[in-house]
Amino acid sequence: MNDDVEVTREDILQVFAVEAKEQLDLLEDGLLKLEQDPGDPEVLAELFRAAHSLKGNASVVDLTSIEAFTHTLEDVFDRIRSGSITPTSDLVSLLLRVVDAFRRIIPKALAGIDDPHPEHAELLRWLASPARDSSAVAESTSDLSQSTVDDGSRNRTLRVDAHKLDRMLDLLGEITIARSRLSSLLGLADVRSLPVLRDARDAHDDAEELYRELQSEVLRSRLVRLGPTFRRYQRVVRDLALASGKHAHLVIDGEDAEVDLAVVEAIRDPLTHMIRNAVDHGIEPPALRAAKGKPEIGTIVVRATREGSSVAISVADDGAGLDREQVLARARAMKLVAADEVPSDSNLFKLIFEPGFSTAKIVSEVSGRGIGMSVVQRNIEALRGTVLLSSHPGRGTTVTLRLPLTLAIIEGFSVGVGTETYVLPMDAVLACVEMPEAERTTDDAQGLIDVWGRPIPYVRLANLLGVERSPANRESVVILQHDGDRAGVVVDDLCGASQTVIKPLADLVDRIPAVAGCTLLGSGRVALILDVPALFEAAASGTSSAQQVSEP
């Protein structure tokens with residue numbers, strides 16, 4: 001029996017498509033670097049390598065039009081290297097158009113249409129035309145045609161379809177649930193009465209270590225670096241700034257930070273809105289920046305920082321910052337703030353995330369309708385993340401997203417109310433305290449308790465979710481932290497911490513207040529996973545004294 005796997009042309013084309021995307025991303029990134037530093041020999045070497053790899057791969061799969069197009073692009077890079085043409089901003093814009101053209105040509109070529117499209121003929125003629133600009137670029141003694149030396153230490157890599165990784169994660173979640181149930185059953189068994197049960201528990205404990213290692217490896221296999229996602233916004237910043245008569249560049253910090261593949265896919269739209277806002281509302285025109293003593297080229301910094309089981313992603317600009325009076329006037333016009341109310345900066349700036357909130361006087365193609373930031377908050381909270389905004393007049397604005405590294409398995413803290421069990425994300429749990437006797441007799445839905453000498457708002461989970469329960473002899477308060485604030489959730493029992501597999505709710509029950517998902521317990525019962533931001537809103541709604549509390 002022949003076990004050899006037959007490799008078809010379709011398989012080869014699929015590999016070509018993936019690698020072509022990578023090479024085009026490298027070309028785009030290199031051209032943006034070339035515009036900033038036209039004389040950098042290493043940037044030119046990177047551009048040559050990317051174009052040459054794309055040409056070679058096209059030759060292997062007999063895509064002659066792409067091969068010819070790339071060969072002509074190499075000629076342009078060679079003219080830049082020789083100094084016969086200068087990589088001006090206009091030239092870089094045209095070369096970026098060539099990259100865009102490739103992104104349209106390649107799918108057609110893979111579909112069997114390998115002839116150049118008429119819309120690209122002008123670009124091809126321009127690439128092939130003799131250079132008229134004889135301006136020389138900065139001289140360099142480096143050999144630009146020399147590739148990076150291969151030290152022989154190549155990583156063994158394998159491309160895996162994302163759906164297969166998703167399936168692996170689903171199976172891992174099911175194993176977690178089955179393992180938890182087995183652990184519960186063994187815990188109930190009298191291992192002293194039967195030696196076989198004792199052996200079963202020992203075997204289960206041994207398998208626990210293997211399971212933990214397997215889980216760690218599967219979760220790590222889904223982690224991807226944020227660098228490629230961040231770099232795609234360099235082109236966005238450049239094009240938006242040019243379109244609005246401004247100058248701006250993007251600085252990337254922490255591109256080696258890794259998050260789950262699903263997180264990367266979910267943050268692309270929020271990051272786009274944040275960066276578009278930074279260019280359109282934050283960065284000032286060059287003349288105004290010069291008058292303020294700032295560099296004419298504005299700076300937008302995208303930064304990623306690992307924080308335990310979370311990652312913080314921030315977008316900061318060095319622009320004008322938020323105008324408090326303008327924001328307050330808009331908030332009062334939308335009746336979000338009373339006429340006599342004077343909110344703090346933090347509370348006022350949170351209103352920017354309300355749908356329809358915008359201080360722009362003119363609606364442009366980039367922004368002005370008050371939709372972008374509400375999309376940011378909605379998408380991030382759907383990932384169990386938070387959004388923070390800070391601003392300093394004249395110095396800029398920073399928007400920070402805090403997100404879990406993975407969306408499938410979390411450390412959960414189980415609590416009991418009546419006969420039901422609920423799960424809180426462990427990273428939001430700060431402490432557990434006993435409910436004071438005086439507060440237990442009131443049975444109010446919301447209130448305030450004194451913890452560490454400061455008042456903390458609380459909400460009774462039974463009242464919030466409508467759970468029937470008998471009067472408890474003892475109640476506990478789980479102190480939660482979120483977005484710099486603290487609040488308490490009153491429950492009957494504290495069940496402890498355990499790994500929790502997040503399952504989506506069915507459409508019929510996905511609108512239960514303060515519920516973000518569900519999980520299966522070791523007993524086989526379903527437990528609801530609570531939504532921390534919604535709990536804070538419920539706790540604060542019952543009292544006007546909700547306030548931020550300091551560490552004890």
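Numbers here simply count residues along the sequence, with the first being 1.
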Side-chain (Gln446) to main-chain (Ala538) donor-acceptor, under 3.5 angstrom
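Flag set: sc Gln446 to bb Ala538 pair under 3.5 Å.
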
Test your reading of the model: is there a side-chain donor-acceptor pair from Asp260 to the backbone of Ala262, 3.5 Å cut-off?
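Yes, Asp260 side chain to Ala262 backbone: donor-acceptor pair under 3.5 Å.
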
Distance-only donor-acceptor pairs under 3.5 Å for side chains of residues 396-404, two or more places apart:
| from | atom 1 | to | atom 2 | distance (Å) |
| --- | --- | --- | --- | --- |
| Thr397 | OG1 | Ser391 | OG | 3.1 |
| Arg402 | NE | Glu307 | OE1 | 3.1 |

Looking only at heavy atoms, what is the nearest atom pair of [X] and [Y], with distance?
X	Y	answer
Ile456	Ala487	CG2-CA, 3.7 Å
Val467	Val417	CG1-O, 3.7 Å
Thr421	Ser414	CG2-CB, 4.1 Å
Ile449	Pro436	CG2-CD, 4.3 Å
Met435	Val477	SD-CG2, 3.3 Å
Ala304	Ala257	CB-CB, 3.8 Å

From Arg231, Arg103, Arg232, residue fulfilling salt bridge (charged side-chain N to carboxylate O under 4.0 Å, His left out) relative to Glu28:
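Filter result, single survivor: Arg103.
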
Is it true that Asp29 and Lys33 make a salt bridge, defined as a side-chain N closer than 4.0 Å to a carboxylate O?
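Yes.
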
Salt bridge check: are Asp25 and Arg235 linked by an N-O gap of less than 4.0 Å?
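Salt bridge absent between Asp25 and Arg235.
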
Should [X] and [Y] count as side-chain neighbours, where that means a heavy-atom distance under 4.5 Å?
X	Y	answer
Leu47	Leu27	yes
Leu226	Ile267	yes
Glu46	Glu42	yes
Val251	Phe230	no
Val218	Leu171	no
Leu26	Glu22	no
Leu494	Val478	yes
Val224	Glu258	no

Quick one: list whatever passes salt bridge (Lys or Arg N to Asp or Glu O under 4.0 Å) with [X], sequence neighbours left out.
X	answer
Asp427	none
Arg220	Glu217
Asp269	none

Taking only residues two or more places apart in sequence or in another chain, which ones pass side chain to side chain contact (heavy atoms under 4.5 Å, CB included) with Ala58?
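Once residues adjacent in sequence are excluded, the partners of Ala58 under the side chain to side chain contact (heavy atoms under 4.5 Å, CB included) criterion are Phe16, Leu63, Ile66, Glu67.
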
Heavy-atom count around His52 NE2 within 6.0 Å, excluding the residue itself: above 12?
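No, the 6.0 Å shell around NE2 holds no more than 12 heavy atoms from other groups.
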
Ring pair (Phe, Tyr, Trp, His ring centres under 6.0 Å) with Phe536: which residues, sequence neighbours excluded?
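Phe536 satisfies ring pair (Phe, Tyr, Trp, His ring centres under 6.0 Å) with His482 only.
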
Quick one: pull up CD in Glu475 and CG in Asp493 and give me the separation to the nearest 0.5 Å.
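Answer rounded to 0.5 Å: 10.5 Å.
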
State the CG-CG distance between Leu351 and Leu389, to the nearest 0.5 angstrom.
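Taking CG in Leu351 and CG in Leu389, the distance rounds to 11.0 Å.
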
